[in-house]
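None of these values were measured; they are calculated from a predicted model. Chain letters run A, B, ... following the sequence lines, proteins first and then strands; every chain starts at 1.
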Amino acid sequence: MGVFTMPSLGADMEAGTLVEWLKAPGDDVEHGDIIAVVETDKGAIEVEVFEGGPITELLVEPGSKVPVGSAMARIGDGEGEDTSPAEPSTSPGEARHAHVAPAPAPAAQIVARETVEPRTAGLRASPAARKRAEDLTIDLSGLVGSGPSGAILLEDVEAAGSVPAETRTPDPEPMRRAIAAAMTRSKRDIPHYYLSHRFDISAGIDWIDDYNAVRSAPDRLLLGVLLTKAVALAMREFPEFNGHNDATGFSSSADVHVGNAIAIRGGGLAAPAIRNTDRLTLPDLMIRFRDLIARTKGGQFRSSEISDATITISSLGERGVESVLPIIYPPQVAIIGFGSVANAPWPVGDALAVRPVITATLAGDHRVNDGHRGALLLRRIEDLLVIPENL
Amino acid sequence: MNAQQIRDALIEEVETIAPDVAPVAIGDDEDMRDALDLDSMDIFNLIAAIHQRFGVEIPDADAHRFVTLGGAIGWIVEHTKA
């Protein structure tokens, strides 16, 4: 018998709101199954279970705000357990002891989610829309969405709330507070040092151009995939930059899970990880990258994807800036930034040539690693990108 | 398919890729990366979606034309004469 509790989806999260259950009492779940959608400051996050077995009891109703660590469901072997749902509880205080009726039409909903179109069966709404609806106390289930597959968008909520178009911006307050708290803690506790290295990336660009020239659009690669793989491979040789530093000290991770900072549409950002980044081929990594970015932009990422990251990349070069000097996301101990690729005069032999160059930066936690090794790390990333066929 | 129908189809695809933007309001010559805050992954997804929807092979060398609606419409008109 296990208890599924509200996970901590960030160092500063105190509570989350249960949006919907994706499983019902009696369903068998396995380690890694997505059991619920939880709304946090970072958006709607799909939450996984880490214990297998049949769900014996759902303790919390959708719409409830649940503190981190509080019990949400019971998962057990079913031996002698009463799996039939009893009367729903309306008082949060009693929820712990009461069975809760399964969500409306659970069977159909779950079948649809697993086999047809995972995001059309339930109520679909963008994180910004959910947030705005909460602010305006509008019931989303009463709205007709104008987005893809009937998804409720911010503008649908605004229209329902008859709010003038001028105020059509999501409330950035909760996300701002969460980012402020995490980054303040990082800057207060972590003695950052910064290194910057600008290098010629023509080999990587040429290799991608050649690769993409002979492939159909959906099978091509983006430079970001090469950068991510290069960082991942470099981490194997620089374990003091890859892992977590918590109350018990630094533990280096044998696995490399590279997080990528991604802006969430409607405001905020998250840095979910692709597990075992260093072991994926470039095409596989591109597929994972596309999926992760699409989901994260829509505010749909999993709890483990946030907590798994052993190092993070911030690629603000995408927005045209030359370099980014990022802040470490605790409990990680390093973050790598990539600026934009731009043509620049570059010495080649005794002459000047025009070459595509990129600036890679490193912020390191000086309690755990040093600038000397950090410099070697940035040089190693360059070396890996010079011979992209080895990635 | 005339230019207006292609434009409507493109707007539909952009809305699917970025559900919170309003591509219908932008001009044909505006760079969607600036006007709609699309990034390289969004443009990649747009080209992949056009590839599927129109059944056309878009050479990577032409990808730069797909950052504006006008550029994309022009390319599709040129390559889907039927």
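- Looking at B:A18, both its backbone and its side chain come within 4.5 Å of chain A, counting heavy atoms on both sides.
- In this structure, the portions of B:L38 lying under 4.5 Å from any heavy atom of chain A include both its backbone and its side chain.
- Residue A:K297 holds its NZ atom at 9.0 Å from CD1 of B:I17, rounded to the nearest 0.5 Å.
- Counting heavy-atom pairs under 4.5 Å between each of A:A263, A:S216, A:G224 and chain B puts A:S216 at the top.
- One distance of note links CG of A:L221 with CG of B:D60; it measures 10.0 Å at 0.5 Å rounding.
- Of the atoms belonging to B:E12, not a single heavy atom falls under 4.5 Å from chain A.
- The most heavy-atom pairs under 4.5 Å with chain A, out of B:D39, B:I47, B:D34, come from B:D39.
- Residue A:N343 qualifies as enclosed at atom CG: its count of foreign heavy atoms under 6.0 Å is above 12.
- In terms of heavy atoms, A:A217 sits closest to B:A48 at CB-CA, 4.0 Å.
- Of the inter-residue distances, the one linking B:M41 atom CE with A:L292 atom CG reads 9.0 Å to the nearest 0.5 angstrom.
- Annotation: side chain to side chain contact (heavy atoms under 4.5 Å, CB included) contacts of B:I11 (sequence neighbours excluded): B:R7, B:E15, B:P23, B:V24, B:L69.
- Per-residue heavy-atom pair counts under 4.5 Å with chain A were compared for B:P59, B:S40, B:A49, and the maximum is reached by B:S40.
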